[in-house]
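Working notes for the structure below.
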Amino acid sequence: MRTTDTLFERVWSVAAKVPRGKVTTYGAIARVLGSPGAARTVGWAMRAAPVGSELPCHRVVNAAGELCPEDTFGGPGVQRSLLESEGVTFDVQGRVDMKRHLWIP
DNA sequence: GCCGTGACGATTC
DNA sequence: CGAATCGCCACGG
């Protein structure tokens with residue numbers, strides 16, 4: 001029994017562990033948490049994530065390495081800018097280089 | 001206990 | 001290749 005009863009807090013906990021310059025995927029987090037099919041719930045946790053926390057939700061991308069809708073982070077290109085600022089490289093298609101930055105706990 | 005929702009994933013057409 | 005659909009799970013009301 002831990003303070004993190006809900007998946008939400010678990011997701012946040014894992015996402016918060018993502019090292020700078022790395023990224024993870026919703027499905028990967030869900031899988032690590034023990035619910036490989038709860039990728040959607042993970043994304044929901046990000047969306048419901050408390051603003052003001054140190055949760056680097058911008059380091060979490062989908063399985064394709066694509067960032068979620070640009071406007072989702074409050075502005076177009078915001079997430080990408082943050083990742084680039086952390087040293088994350090992008091594919092020509094605008095996707096994160098999973099081979100170099102995919103990180104899983 | 002059912003319904004609606006959702007920043008996904010994979011498959012199919 | 002592009003778009004659309006279904007399926008999955010978890011939380012809130």
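Just so we're on the same page: letters track the sequence lines, and every chain starts at 1. If you're wondering where the values come from, they're calculated on a predicted model, not measured in any experiment.
No path of Ile, Leu, Val, Met, Phe, Trp and Tyr side chains, each step under 4.5 Å between heavy atoms, connects Met46(A) with Val18(A), placing them in separate hydrophobic clusters. Val60(A) is connected to Phe8(A) through a chain of hydrophobic side-chain contacts under 4.5 Å among Ile, Leu, Val, Met, Phe, Trp and Tyr, so both are in one cluster.
The neighbour count for Arg31(A) CZ, taken as heavy atoms of other residues, nucleotides or ligands under 6.0 Å away, does not exceed 12. Shown here is Glu84(A), whose CD atom has more than 12 heavy atoms of other residues, nucleotides or ligands within 6.0 Å.
Scanning for salt bridge (Lys or Arg N to Asp or Glu O under 4.0 Å) contacts around Asp97(A) gives Arg100(A), with sequence neighbours left out.
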Exercise for the section: Using the side chain to side chain contact (heavy atoms under 4.5 Å, CB included) rule, take Gln79(A) and Val61(A) through it: C-alpha gap first, then chi angles, then the decisive distance, then the call. Expected result: CA-CA 10 Å; Gln79(A) 184 175 13; Val61(A) 299; 4.0 Å; yes
Exercise for the section: Carefully, step by step, assess Leu83(A) and Arg59(A) under the rule side chain to side chain contact (heavy atoms under 4.5 Å, CB included). Expected result: CA-CA 7 Å; Leu83(A) 291 171; Arg59(A) 287 185 197 150; 4.0 Å; yes
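Only one option out of Val11(A), Val32(A), Thr24(A) pairs with Val42(A) in a side-chain contact (heavy atoms from CB on, under 4.5 Å); it is Val11(A).
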Show me the protein contacts with nucleotides 3-7 of chain B, counting only N or O atoms at under 3.5 Å.
| unit_1 | atom_1 | unit_2 | atom_2 | d |
| --- | --- | --- | --- | --- |
| dG6(B) | N7 | Arg40(A) | NH2 | 3.4 |
| dG6(B) | N2 | Thr41(A) | N | 3.4 |
| dG6(B) | N2 | Thr41(A) | OG1 | 3.4 |
| dA7(B) | N7 | Arg47(A) | N | 3.1 |
| dA7(B) | N6 | Met46(A) | O | 3.0 |
| dA7(B) | N3 | Tyr26(A) | OH | 3.4 |

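Distance CG (Leu33(A)) to C1' (dG9(B)): 16 Å, rounded to an integer number of Å.
Nucleotides of DNA chain C with any atom under 4.0 Å from a heavy atom of chain A span, from 5' to 3', dG7(C) to dC11(C).
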